[in-house]
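Take a look at the structure below.
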Amino acid sequence: MPPVVGVLALQGDFEAHARLLRACGAEPREVRVPAELDGLDGLVIPGGESTVMTLGIEREGLAEPLRDLQAAGTPVLGTCAGLIMVDRDHLGLMDIRARRNAFGRQIRSFEAEVEVAGVDGAPMRAVFIRAPWIEEAGEGIEVLASVDGHPVVARQGNVLVAAFHPELTDDPRLHGLFLEGVGR
Amino acid sequence: MQLGAEGVFVGSGIFKSSDPPSRARAIVDATTHFEDPERVARASEGLGEAMTSLEARKLEHEQLLSPRGW
(Lines give C-alpha, C1' and ligand atoms only; values in the text may rest on other atoms or scores of the structure.)
Protein backbone atom coordinates (compact mmCIF):
# COMPACT_ATOMS: atom_id res chain seq x y z
CA MET A 1 0.00 0.00 0.00
CA PRO A 2 1.46 3.37 -0.95
CA PRO A 3 1.60 5.98 1.84
CA VAL A 4 -1.33 8.41 1.80
CA VAL A 5 -0.01 11.96 1.90
CA GLY A 6 -2.38 14.88 2.42
CA VAL A 7 -1.91 18.16 0.60
CA LEU A 8 -3.57 21.17 2.21
CA ALA A 9 -5.78 22.37 -0.64
CA LEU A 10 -7.40 25.56 0.66
CA GLN A 11 -5.32 27.70 -1.68
CA GLY A 12 -2.08 27.62 -3.61
CA ASP A 13 -0.34 25.10 -5.85
CA PHE A 14 -1.60 21.93 -4.17
CA GLU A 15 -2.09 20.22 -7.51
CA ALA A 16 1.62 20.46 -8.40
CA HIS A 17 2.52 18.78 -5.10
CA ALA A 18 0.00 16.01 -5.74
CA ARG A 19 1.60 15.36 -9.14
CA LEU A 20 5.11 15.08 -7.69
CA LEU A 21 3.95 12.94 -4.75
CA ARG A 22 2.29 10.56 -7.21
CA ALA A 23 5.57 10.43 -9.19
CA CYS A 24 7.31 9.44 -5.94
CA GLY A 25 4.92 6.52 -5.43
CA ALA A 26 2.73 8.11 -2.75
CA GLU A 27 -1.04 8.53 -2.92
CA PRO A 28 -1.94 12.22 -2.55
CA ARG A 29 -5.18 13.34 -0.86
CA GLU A 30 -6.45 16.91 -1.04
CA VAL A 31 -7.30 18.24 2.43
CA ARG A 32 -9.90 20.99 2.92
CA VAL A 33 -11.71 19.94 6.11
CA PRO A 34 -10.46 18.30 9.36
CA ALA A 35 -12.01 14.87 8.55
CA GLU A 36 -9.70 14.59 5.53
CA LEU A 37 -6.69 14.48 7.90
CA ASP A 38 -7.77 11.10 9.28
CA GLY A 39 -5.32 8.31 8.62
CA LEU A 40 -2.72 10.37 6.78
CA ASP A 41 0.89 9.15 6.66
CA GLY A 42 2.22 12.63 5.89
CA LEU A 43 1.08 16.15 5.08
CA VAL A 44 2.26 18.82 2.65
CA ILE A 45 1.48 22.51 3.16
CA PRO A 46 1.99 24.01 -0.29
CA GLY A 47 3.08 27.37 -1.59
CA GLY A 48 0.50 30.08 -2.08
CA GLU A 49 -0.31 33.15 -0.06
CA SER A 50 0.08 32.88 3.70
CA THR A 51 -2.64 35.36 4.72
CA VAL A 52 -5.25 33.66 2.53
CA MET A 53 -4.15 30.28 3.85
CA THR A 54 -4.35 31.50 7.47
CA LEU A 55 -7.91 32.76 6.91
CA GLY A 56 -8.83 29.43 5.30
CA ILE A 57 -7.38 27.43 8.20
CA GLU A 58 -9.41 29.55 10.64
CA ARG A 59 -12.58 29.25 8.56
CA GLU A 60 -12.36 25.46 8.38
CA GLY A 61 -11.23 24.97 11.99
CA LEU A 62 -8.04 23.23 10.83
CA ALA A 63 -5.42 24.79 13.15
CA GLU A 64 -5.83 22.41 16.11
CA PRO A 65 -6.26 19.27 13.98
CA LEU A 66 -3.09 20.21 12.05
CA ARG A 67 -1.17 20.71 15.31
CA ASP A 68 -2.47 17.38 16.62
CA LEU A 69 -1.39 15.61 13.43
CA GLN A 70 2.16 16.95 13.71
CA ALA A 71 2.31 16.29 17.46
CA ALA A 72 1.34 12.66 16.77
CA GLY A 73 4.56 12.33 14.76
CA THR A 74 3.17 12.60 11.23
CA PRO A 75 5.80 14.08 8.89
CA VAL A 76 5.00 17.55 7.53
CA LEU A 77 6.55 19.28 4.51
CA GLY A 78 6.02 23.03 4.07
CA THR A 79 7.15 24.86 0.95
CA CYS A 80 7.27 28.65 0.43
CA ALA A 81 4.04 29.87 2.09
CA GLY A 82 3.99 26.46 3.79
CA LEU A 83 7.26 27.42 5.52
CA ILE A 84 5.54 30.53 6.84
CA MET A 85 2.50 28.54 7.98
CA VAL A 86 4.55 26.27 10.28
CA ASP A 87 6.50 29.06 12.01
CA ARG A 88 6.03 30.45 15.56
CA ASP A 89 3.65 33.19 14.43
CA HIS A 90 1.30 30.85 12.56
CA LEU A 91 0.68 27.16 13.33
CA GLY A 92 3.77 26.93 15.57
CA LEU A 93 4.84 23.50 14.30
CA MET A 94 8.49 24.55 14.12
CA ASP A 95 10.72 26.80 16.24
CA ILE A 96 11.49 29.30 13.49
CA ARG A 97 10.36 32.75 12.53
CA ALA A 98 9.88 33.25 8.82
CA ARG A 99 10.34 36.54 7.02
CA ARG A 100 7.76 36.98 4.27
CA ASN A 101 8.80 38.21 0.82
CA ALA A 102 12.33 38.21 2.24
CA PHE A 103 14.13 38.36 -1.11
CA GLY A 104 11.90 41.18 -2.35
CA ARG A 105 8.80 41.65 -4.44
CA GLN A 106 7.74 39.70 -7.53
CA ILE A 107 10.50 41.24 -9.67
CA ARG A 108 13.05 39.70 -7.27
CA SER A 109 11.78 36.16 -7.83
CA PHE A 110 14.63 33.98 -9.09
CA GLU A 111 15.98 30.49 -9.72
CA ALA A 112 19.21 29.22 -8.20
CA GLU A 113 21.27 26.06 -7.88
CA VAL A 114 21.02 25.08 -4.22
CA GLU A 115 22.98 22.38 -2.39
CA VAL A 116 20.70 20.69 0.11
CA ALA A 117 22.22 18.54 2.87
CA GLY A 118 20.68 15.07 2.69
CA VAL A 119 19.89 15.41 -1.03
CA ASP A 120 22.46 13.42 -3.00
CA GLY A 121 23.83 14.35 -6.40
CA ALA A 122 23.78 17.67 -8.23
CA PRO A 123 22.46 20.84 -6.58
CA MET A 124 18.71 21.35 -6.84
CA ARG A 125 17.34 23.88 -9.33
CA ALA A 126 15.33 25.92 -6.86
CA VAL A 127 12.48 28.24 -7.85
CA PHE A 128 12.05 31.16 -5.41
CA ILE A 129 8.81 33.13 -5.95
CA ARG A 130 8.47 36.08 -3.56
CA ALA A 131 10.09 33.61 -1.23
CA PRO A 132 10.49 33.82 2.51
CA TRP A 133 13.63 32.92 4.40
CA ILE A 134 14.16 31.78 7.97
CA GLU A 135 14.92 34.90 9.99
CA GLU A 136 15.33 33.20 13.39
CA ALA A 137 15.85 29.57 14.21
CA GLY A 138 15.71 27.91 17.62
CA GLU A 139 18.25 25.44 19.05
CA GLY A 140 16.78 22.28 17.56
CA ILE A 141 16.68 23.50 13.97
CA GLU A 142 18.86 21.70 11.45
CA VAL A 143 19.62 24.03 8.53
CA LEU A 144 19.97 21.99 5.32
CA ALA A 145 20.52 24.81 2.82
CA SER A 146 21.11 28.55 2.74
CA VAL A 147 21.11 31.29 0.12
CA ASP A 148 23.18 34.44 0.73
CA GLY A 149 23.60 33.34 4.34
CA HIS A 150 19.86 32.93 4.95
CA PRO A 151 18.46 29.48 5.80
CA VAL A 152 16.04 28.28 3.10
CA VAL A 153 15.75 24.55 3.85
CA ALA A 154 15.52 23.28 7.42
CA ARG A 155 14.27 20.43 9.54
CA GLN A 156 13.12 19.95 13.10
CA GLY A 157 11.95 16.49 14.06
CA ASN A 158 9.17 15.53 11.67
CA VAL A 159 8.85 18.96 10.03
CA LEU A 160 10.79 19.78 6.86
CA VAL A 161 10.55 23.18 5.16
CA ALA A 162 11.83 24.77 1.96
CA ALA A 163 11.52 28.43 0.98
CA PHE A 164 11.46 27.47 -2.69
CA HIS A 165 9.01 25.45 -4.80
CA PRO A 166 10.34 21.91 -5.39
CA GLU A 167 6.91 20.98 -6.80
CA LEU A 168 7.40 23.31 -9.78
CA THR A 169 10.27 21.26 -11.18
CA ASP A 170 10.52 17.58 -12.11
CA ASP A 171 13.13 17.01 -9.39
CA PRO A 172 11.51 14.74 -6.78
CA ARG A 173 14.50 14.63 -4.42
CA LEU A 174 13.18 16.95 -1.69
CA HIS A 175 9.85 15.10 -1.69
CA GLY A 176 11.95 11.92 -1.48
CA LEU A 177 13.70 13.26 1.63
CA PHE A 178 10.29 14.05 3.15
CA LEU A 179 8.91 10.61 2.21
CA GLU A 180 11.85 8.89 3.95
CA GLY A 181 10.23 10.16 7.16
CA VAL A 182 6.82 8.97 5.99
CA GLY A 183 8.08 5.43 5.49
CA ARG A 184 9.25 5.12 9.10
CA MET B 1 -12.37 24.59 -10.99
CA GLN B 2 -13.77 21.32 -12.34
CA LEU B 3 -11.96 22.00 -15.60
CA GLY B 4 -8.66 22.19 -13.71
CA ALA B 5 -8.27 25.91 -13.00
CA GLU B 6 -6.22 26.76 -9.89
CA GLY B 7 -8.50 29.58 -8.83
CA VAL B 8 -11.18 32.06 -9.79
CA PHE B 9 -10.61 35.76 -10.40
CA VAL B 10 -13.52 38.00 -9.44
CA GLY B 11 -13.64 41.78 -9.35
CA SER B 12 -16.81 43.73 -10.19
CA GLY B 13 -18.92 40.62 -9.61
CA ILE B 14 -18.25 41.19 -5.93
CA PHE B 15 -18.04 44.97 -5.73
CA LYS B 16 -21.16 45.68 -7.77
CA SER B 17 -23.34 43.14 -5.97
CA SER B 18 -25.79 44.30 -3.28
CA ASP B 19 -23.83 42.69 -0.40
CA PRO B 20 -20.11 42.49 -1.33
CA PRO B 21 -18.71 40.96 1.93
CA SER B 22 -21.17 38.03 1.89
CA ARG B 23 -20.65 37.47 -1.81
CA ALA B 24 -16.84 37.52 -1.45
CA ARG B 25 -17.00 34.96 1.38
CA ALA B 26 -19.40 32.81 -0.63
CA ILE B 27 -17.15 32.80 -3.69
CA VAL B 28 -14.14 31.75 -1.59
CA ASP B 29 -16.19 29.02 0.06
CA ALA B 30 -17.67 27.71 -3.19
CA THR B 31 -14.29 27.80 -4.98
CA THR B 32 -12.46 26.00 -2.16
CA HIS B 33 -15.16 23.33 -1.78
CA PHE B 34 -16.08 23.02 -5.46
CA GLU B 35 -16.17 19.22 -5.13
CA ASP B 36 -18.77 19.34 -2.33
CA PRO B 37 -22.15 20.24 -3.92
CA GLU B 38 -23.88 20.68 -0.55
CA ARG B 39 -21.32 23.23 0.53
CA VAL B 40 -21.59 25.06 -2.80
CA ALA B 41 -25.39 25.14 -2.41
CA ARG B 42 -25.15 26.48 1.15
CA ALA B 43 -22.64 29.14 0.07
CA SER B 44 -25.08 30.28 -2.61
CA GLU B 45 -27.92 31.16 -0.24
CA GLY B 46 -28.95 34.59 1.05
CA LEU B 47 -26.50 36.69 -0.94
CA GLY B 48 -28.84 39.48 -2.09
CA GLU B 49 -28.71 40.77 -5.64
CA ALA B 50 -25.91 39.81 -8.03
CA MET B 51 -24.15 42.42 -10.14
CA THR B 52 -26.43 43.81 -12.84
CA SER B 53 -25.08 42.89 -16.22
CA LEU B 54 -25.18 45.16 -19.25
CA GLU B 55 -26.20 44.15 -22.73
CA ALA B 56 -23.90 45.51 -25.43
CA ARG B 57 -26.80 46.10 -27.86
CA LYS B 58 -28.59 48.36 -25.38
CA LEU B 59 -25.61 50.63 -24.64
CA GLU B 60 -25.52 54.20 -25.94
CA HIS B 61 -22.96 54.80 -28.69
CA GLU B 62 -20.70 56.90 -26.40
CA GLN B 63 -20.66 54.11 -23.77
CA LEU B 64 -19.09 51.62 -26.17
CA LEU B 65 -15.35 51.07 -26.05
CA SER B 66 -15.02 50.04 -29.70
CA PRO B 67 -15.51 53.53 -31.28
CA ARG B 68 -13.16 55.25 -28.79
CA GLY B 69 -9.64 56.37 -29.59
CA TRP B 70 -8.37 57.32 -33.05
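Lettering of chains follows the sequences in order, A, B, ..., and the numbering in each one begins at 1.
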More than 12 non-hydrogen atoms from neighbouring residues, nucleotides or ligands closer than 6.0 Å to [atom1] on [X], yes or no?
X	atom1	result
B:E49	CD	no
A:I107	CD1	no
A:R108	CZ	no

- Query: Are A:L62 and A:V44 in one and the same hydrophobic cluster, where Ile, Leu, Val, Met, Phe, Trp and Tyr link if side-chain heavy atoms are under 4.5 Å apart?
  - Reply: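 A:L62 and A:V44: separate clusters.
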
- Connected via hydrophobic side-chain network under 4.5 Å: A:L77 and A:V7: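 Looking at the clustering, A:V7 is in the same group as A:L77.
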
- Side chain, backbone, both or neither: which part of A:V33 has a non-hydrogen atom closer than 4.5 Å to chain B?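 Contact with chain B is through the side chain of A:V33 alone.
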
- Message: Less than 4.5 Å to any heavy atom of chain B: does that hold for the side chain of A:E60, its backbone, both, or neither?
- Response: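 The side chain, not the backbone.
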
- Between the side chain of A:E49 and the main-chain N/O of A:V52, is any donor-acceptor distance below 3.5 Å?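 Side chain of A:E49 to backbone of A:V52: a pair is present.
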
- Message: So that I can tick it off, tell me whether A:R32 and A:E30 are bridged by a salt bridge, with the cut-off set at under 4.0 angstrom between side-chain N and carboxylate O.
- Response: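 Between A:R32 and A:E30 there is a salt bridge, with a charged N closer than 4.0 Å to a carboxylate O.
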
- In residues 25-36 of chain B, which residues are in contact with chain A at a heavy-atom separation under 4.5 Å?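 B:V28, B:D29, B:T32, B:H33, B:F34, B:E35 fall under the 4.5 Å cut-off.
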
